[in-house]
Amino acid sequence: DMGEGHREVMNTILDSYLDRYTKAIAESRKKSPEDVKTLIDDAPYNAIKAKDLGLIDGAMYRDQVDEELKKQLGYKEGDKLRSISNSEYR
């Protein structure tokens with residue numbers, strides 16, 4: 001069971017995180033912090049709705065992401081995207 005003092009500290013920390021994320025989203029998405037807070041309160045959204053609301057630029061399937069990466073990295077047609085798993089990265 002959480003005491004009143006501990007609860008107050010936790011709420012202060014969580015409010016700080018929410019404010020920080022809200023401001024970052026608002027700045028990057030050119031929205032007011034109040035609008036972002038409303039969007040957060042009304043969440044979750046599917047990808048189509050999130051795009052309509054200006055929260056994301058788009059959504060892709062994994063194969064589409066791989067193709068876009070290959071294009072941006074200058075891979076030749078038919079080249080396989082080189083990648084490693086998290087366990088291999090260590």
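Excluded from the calculations below are hydrogen atoms, water molecules and symmetry mates; all remaining heavy atoms, backbone and side chain alike, are included.
- Residues Tyr45 and Lys51 are not in side-chain contact: their nearest non-hydrogen atoms beyond the backbone lie 4.5 Å or more apart.
- Between the NE2 atom of His6 and the CG atom of Asn11 there is a distance of 10.5 Å, given to the nearest 0.5 Å.
- Contact detail for Pro33 and Ala26: the closest heavy-atom pair is N-CB, 3.8 Å.
- To the nearest 0.5 Å, the span separating OG1 on Thr22 from CG on Asp35 amounts to 11.5 Å.
- Side-chain N or O atoms of Gln72 include none that pairs as donor or acceptor with a backbone N or O of Leu69 at under 3.5 Å.
- Atom CD of Glu68 has more than 12 neighbouring heavy atoms from other residues, nucleotides or ligands inside a 6.0 Å radius.
- Within the 4.5 Å cutoff, side-chain heavy atoms of Asp57 are placed close to those of Arg29.
- The closest donor-acceptor contact from the side chain of Asp79 to the backbone of Lys76 lies under 3.5 Å.
- The shortest side-chain heavy-atom distance between Leu18 and Ile40 falls under the 4.5 Å cut-off.
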Derivation and outcome, salt bridge (charged side-chain N to carboxylate O under 4.0 Å, His left out), residues Asp66 and Lys70: CA-CA 6 Å; Asp66 289 350; Lys70 287 174 19 180; over 6 Å; no
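- Applying the 6.0 Å contact sphere to CG of Leu73 captures more than 12 heavy atoms from other residues, nucleotides or ligands.
- A salt bridge links Lys37 to Asp19: at least one charged side-chain nitrogen sits closer than 4.0 Å to a carboxylate oxygen.
- A distance of 11.0 Å separates CE of Met10 from CG of Asp15, quoted to the nearest 0.5 Å.
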